[in-house]
Amino acid sequence: MIYDFRKIEEKWQREWAQRGTFKAENHSDRPKFYVLDMFPYPSGAGLHVGHPLGYIASDIYARYKRHKGFNVLHPMGYDSFGLPAEQYAIQTGQHPAITTETNINRYREQLDRIGFSFDWSREVRTSDPEYYKWTQWIFIQLFGSWYNKDSDRAEDIEGLIAHFERDGNENVHAVCDADVVPFSAGEWNSFTAIEQQEILLKYRLTYLAETEVNWCSALGTVLANDEIVNGVSERGGHPVIRKKMTQWSMRISAYAQRLLDDLQGLDWPQPLKDSQTNWIGRSEGASVSFKVLPFTNGEERTIEVFTTRPDTIFGVSFMTLAPEHELVAKITTAQQRAEVEAYVEATAKRSERDRMADVKSVTGAFTGAYVEHPFTKKPVPVWIGDYVLAGYGTGAVMSVPCGDQRDHDFATHFNLPIPNIFEGVDVSTEAFSDKDGAVIANSDFLNGLPYKKAVKVAIAELEKLGQGMGKVNFRLRDAVFSRQRYWGEPFPVFYVDGMPQMIDPSHLPVKLPEVEKYLPTETGEPPLGNATVWAWDSENNKVVENALIDGKTIFPLELNTMPGWAGSSFYFNRYMDPHNDGELFSKDAINYWQDVDLYIGGSEHATGHLLYARFWQKFLFDKGMVPRGEFAKKLINQGMITGTSAFVYRLNVKFVIKYTLSSFSERLVQQYNLTGVGEAFQDGELGSNFLFSRDLKDIDILKFKENYPQLEEKLVKYILEIIPKAPIDNIEAINQFNVSVTTKEISFTPIHADVLFVNSSDELDTKAFKKWRPEYANAEFITESDGSFKVGREVEKMSKSKYNVVSPDSICAEYGADSLRLYEMFLGPLEQSKPWNTAGITGAHGFLKKLWRLYHSGPADGFYVSAGEPSAESWKTLHRTIKKVETDIGNFSFNTSVSSFMICVNELASQKCHHRAILEPLAILVSPYAPHISEELWQLLGHTESIATAPFPLFEGKYLVESSKEYPISFNGKMRFKLELPADLSPAEIEAAVMANEQTLVQLGGRTPKKVIVVPGKIVNIVG
RNA sequence: GCUCGAGUGGUGGAAUUGGUAGACACGUUGGACUUAAAAUCCAAUGGACAUUAGUCCGUGCGGGUUCAAGUCCCGCCUCGAGUACCA
């Protein structure tokens, strides 16, 4: 009876769906286990074999946990808002909701074929109004909260208002805008409502503020820092510049310290934690304020700087501000104004990418202003320079050229003094930035102190002056939360007198309006401005169309939408109770499921999704809505499956054309610098129409001429056909030339061939290739000596543009989902990146056939297991496998457990084991990996219930007890032979037995060993 | 530049706490079955030398510790990932 995987897989996928086998209950006596995958963005390209890798691993784990008696939550959904759907809409006019729906259906079809045990009844889609209702709801909660540094958590804004009414903002320690001015209770109460709202906005956890943003004009939107890679947009690679715009921001910076601290307790990959630590970028130092000179008409200005080296304060010889620093315009002297303004303008125009590409060149300008050194009271010149970043610290630095290389470069370039404050160090050519090697000198009260002490003393002295204090600074900046896009969550916000108002949660969701154009409007307004009327009727509490904004009952709505990460920052909680219309999730559900036990996804989300999601989780935790401050206990980054691209090699040729002139004019002589000789030469280069097989491409011009004389002739002919006939465009002159071509140099350009046209022996279907690339329709394929045309191979990222995509559907069709699952796991360690090679799948497929045969090789055709007692050998094989598989799953070492299955089946087959006592537990062991075949065998074994919840076989050590051990006997550490000895011998007995052995005597050749090492149960080493 | 991670056969990769290097699979070669192919099964497969027995070499390179090193220590090399003027 053959293993008909198509029938079996289709049958069980249908059965599971009908029976609701994997539906998780929110109430259970069994312990809970939550296994989560990062939900995909449903792109138009569909899945390739790299995508399901993590899903397969998590599915194995989820199935294993079900066998172990857990109530498993294993949901799946779609992160379905985002740029590509919208870009597609702009190009084709198709509504993103429609293309998204199509893509989701395709994804679902592909996922279903792989046999995942997802509980689809809990599916969420971020673009579904029933879902984004809650994204909007959380936004409202954030708006209604402020961060209290004293309690170190987010609190309701009402409490803050009460405090203002009672005591003003004195003694309020909030994480908020730096430019909040102090006010008393009396002042607060006398402020207008709008003034009060303006002040409160500076405290809220999400706030509207004019900030420096990353503006990408090609995408027509702002981008978050993690959406920019190497100075260009992550999507599309468009240039990005810094620009001031009024935007919604999220005060993630309030949580910087907690986000850092709580990493400690997470079982996440170290590289991922490192990159979050890096991104948060905590640094300890001091803030120092410098007074701006002179103190005219009583107006005293100071410039704040942050430094990690307050100990070097006596080395300050100038100060540098970021060109965007707000004081630049105010302190620049009339004399320097023109230069400074020109510099500021020039830097503002530069894109991020230009700036990054140009790190080495030093630029800047002198403002003409001076500040006073806090200790020496000497004037310090103030410069601006773009090496100082506006967004970090205060956007100003105290420049210590002897201790900081960038300051040193700047000083050298502009000829500024470089005072030395280190004992016995030469700083004339290079700054001395080694903290621990330094003893401070020329620094008044810091003289003779080492780094750490000097820092302490300097801070203490600054505090005495009231001009500084110890400070911790973070690199992490607040996250810009608005996007000028259509396909995202609308804000639940309308504006009254220019101040943002939250729509009452009872009226959510605020649904996206229909628009005709998805591009931002000409005026730079977001696409929602394209809706005929997109306004809020505050009387009837609804979005209205075709009504005039009157500022009384009809108000303008926020036109921006939320960024992609909004919907993904809490979806793991929503899965717990996805259809709850009255709450984000019920108390019962969240208290039962608590948090994610295992989260699997890509490492590219390290500083985006995974940081934002932790932030929102902490916020919900502060508000008492979730019981855990971290949402995922354990996280694994699956590696990438790379593609194996195929190449053909196009012959390129460098050639010389010789023009022999029968007669030539004075003009030609001049134009081509002819020296009176009747010849002119011109070099040329072109790609030919000849495609070479891979092993032929390592050939030089001499060999080429020798090996392919006819080809060279053709090539010359080809060149003659397509090059201009004469070095001038005078038609009449052509006849005066005799043209000949000599090939001079050849090279090969690799050209992608679609892997679909390549068989397992790397041979290319040249007909299919020609049809696919019409520009090579007339190309000549130069084959190997055996007549085959072979492609070259190279490992690259799997992508459509590289024509190396292998789809899971084609694998499922040819080998089955179980084969795909096994093979993906078998490829190598989960976390590692590894190349896909379709040829290898026969190994996994062959294993499944052998497994099937194990249950089908009785006396008659068909299913067969026997009763009775299996051999000791078979018991040993089974229990060794149970043990191995359990430890492997525990270590997420799925590749090694697949090989242990292979070993097990190979052994059982050679033992001719047909015993139910062995084959029944074996089916369960294999079931997490290859669920379809296991279900089928389980049913054939006579079970009516699904195998999914069958208890995992218990390991029993008694089956592995050995009566003897085959000892490797080594001499000076080199294994020479093996010796079977009883397992219960003492070391002395082992030694005696080994020394008495014939082979030992041969090895020793009469010498007496110096020492014999016996490790019972392991090895014997004879040192001679 | 900085921070991580990794280098093992033709290929993907195994190797418990320092204890038989190369499990398992792909590929290759040879054989059986077959009219033939597919499928299946059997055997060989790190390199060199050797008729066999066997010997020597071998986990990126150079040292070291140890009875014993892919594994531990020191110094390099190469590749990959992340980050990048963070004061």
Side-chain angles (χ1 to χ4, degrees), chain A residues 2 229-231 269-275 277-279 281-283 285 305-309 312 320 322 355-356 358-360 362 385-389 391-400 403-407 409-410 433 473-477 603-604 606-607 637 639-640 644 760-761 793 822-823 826-829 831-844 846-847 849-850 853 884 887 891 893 895-903 906 909 966-978 1002 1009-1015 1017-1024:
Chain A
I2 61 149
V229 177
N230 294 327
Q270 198 54 44
L272 196 156
K273 289 204 216 177
D274 289 347
S275 88
T277 303
N278 210 322
W279 192 263
R282 183 183 198 274
S283 52
V305 301
F306 173 75
T307 177
T308 55
R309 297 293 303 273
T312 63
T320 316
R355 232 175 51 100
M356 286 169 68
D358 194 23
V359 165
K360 281 178 200 85
V362 177
D386 70 356
Y387 80 95
V388 179
L389 304 175
Y392 184 75
T394 60
V397 300
M398 57 174 228
S399 302
V400 183
D404 184 288
Q405 193 54 46
R406 292 155 305 173
D407 295 343
D409 293 344
F410 197 85
S433 54
N473 202 43
F474 293 95
R475 201 189 81 125
L476 183 71
R477 286 174 238 172
S603 57
E604 68 273 19
T607 51
N637 292 130
M640 196 174 38
T644 313
S760 59
S761 313
R793 292 290 201 175
L822 276 172
Y823 185 53
F826 186 62
L827 275 178
E831 300 89 335
Q832 200 173 299
S833 132
K834 55 236 160 197
W836 177 265
N837 173 20
T838 303
I841 200 167
T842 52
F847 159 75
K849 285 201 261 190
K850 277 188 211 167
R853 213 177 309 127
K884 176 81 176 134
T887 32
N891 297 328
S893 174
N895 55 325
T896 50
S897 46
V898 175
S899 49
S900 71
F901 288 139
M902 291 173 170
I903 295 168
N906 287 344
E966 192 177 42
Y967 277 92
I969 312 298
S970 48
F971 292 77
N972 296 320
K974 281 176 191 158
M975 203 279 290
R976 290 302 178 201
F977 63 91
K978 288 171 195 172
V1002 172
K1010 281 184 198 146
K1011 203 171 170 188
V1012 178
I1013 312 272
V1014 175
V1015 184
K1018 284 238 166 100
I1019 200 167
V1020 176
N1021 191 16
I1022 296 162
V1023 188

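Protein chains get the first letters and strands the later ones, always in sequence-line order, with residue 1 at the start of each.
Annotated as anti: B:G7, whose glycosidic dihedral deviates from 0 by more than 90°.
Close to B:C67, at under 4.0 Å from its OP1 or OP2, lies a side-chain N or O of A:Lys1011. Close to B:C85, at under 4.0 Å from its OP1 or OP2, lies no side-chain N or O of A:Arg475.
The interatomic distance linking A:Phe901 (CZ) with B:A25 (P) rounds to 14 Å, in whole Å. Separating the CD atom of A:Gln832 from the C1' atom of B:G13 is a distance of 8 Å, rounded to the nearest angstrom. Between the C1' atom of B:C86 and the CE atom of A:Met398 lies a distance of 15 Å, rounded to the nearest Å. The distance between atom CG of A:Leu272 and atom P of B:U83, rounded to the nearest whole Å, is 11 Å. The separation between A:Asp409 atom CG and B:A87 atom P is 16 Å, rounded to whole Å. Following rounding to the nearest Å, A:Asn972 (CG) and B:A68 (P) show an atom-to-atom distance of 8 Å. Put simply, OH on A:Tyr823 is 10 Å from P on B:C26, counting in whole angstrom units. For A:Phe847 and B:C26, the CZ to P distance is 13 Å, given to the nearest whole Å.
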Please write out each protein N/O paired with an N/O of nucleotides 37-39 of chain B under 3.5 Å, distance rounded to 0.1 Å.
{"residue": "B:A39", "atom": "O3'", "partner": "A:Lys849", "partner atom": "NZ", "Å": "3.4"}

Between protein and nucleic acid, restricted to nucleotides 3-5 of chain B and to nitrogen or oxygen atoms under 3.5 Å apart, what atom pairs and distances do you find?
none

Under 3.5 Å between N/O atoms: give me all the protein pairs with nucleotides 15-24 of chain B, atom names plus distance.
{"residue": "B:U20", "atom": "O2", "partner": "A:Lys978", "partner atom": "NZ", "Å": "3.1"}

When you compare the protein's N or O atoms with those of nucleotides 28-32 of chain B, which come within less than 3.5 Å of each other, and at what distance?
none

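Qualifying ring pair (Phe, Tyr, Trp, His ring centres under 6.0 Å) partners for A:Tyr387, counting only residues two or more places apart in sequence or in other chains: A:Phe410. Annotation: ring pair (Phe, Tyr, Trp, His ring centres under 6.0 Å) contacts of A:Phe901 (sequence neighbours excluded): A:Tyr929.
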* Show the numbers, then the answer: is there a side-chain contact (heavy atoms from CB on, under 4.5 Å) between A:Leu827 and A:Trp836? => CA-CA 8 Å; A:Leu827 275 178; A:Trp836 177 265; 3.9 Å; yes

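Across the C1' atoms, B:U78 and B:A43 are found 39 Å apart, a figure rounded to whole Å. With P as the reference atom, B:U52 and B:U11 are 27 Å apart, rounded to whole Å. Using C1' as the reference atom, B:A6 and B:G13 are 14 Å apart when rounded to the nearest Å.
Considering all non-hydrogen atoms of both residues, A:Val305 and A:Thr394 come closest at CA-OG1, 3.4 Å.
Both A:Asp404 and A:Trp279 lie near RNA chain B, and the one whose nearest nucleotide falls closer to the 5' end is A:Trp279. The residue among A:Thr394 and A:Thr607 whose nearest nucleotide of RNA chain B lies closer to the 5′ end is A:Thr607.
With B:C26, B:C86, B:U40 as the choices, the nucleotide that has an atom nearest any side-chain atom of A:Ala839 turns out to be B:C26. For A:Thr842, the listed nucleotide lying nearest its side chain is B:G27; candidates were B:G27, B:C85, B:A84. Checking B:U40, B:C86, B:G27 against the side-chain heavy atoms of A:Arg853 singles out B:U40 as nearest.
Formation of a donor-acceptor pair under 3.5 Å by the A:Lys1011 side chain with backbone atoms of A:Asn1021 is not found in this model.
Nucleic acid contact for A:Arg793: none, since no nucleic acid atom lies under 4.0 Å from a heavy atom of the residue. Using a 4.0 Å heavy-atom criterion, one finds that A:Val305 contacts no nucleic acid atom at all. As judged by a 4.0 angstrom heavy-atom cut-off over every strand, A:Leu827 is placed among residues touching the sugar-phosphate backbone only.
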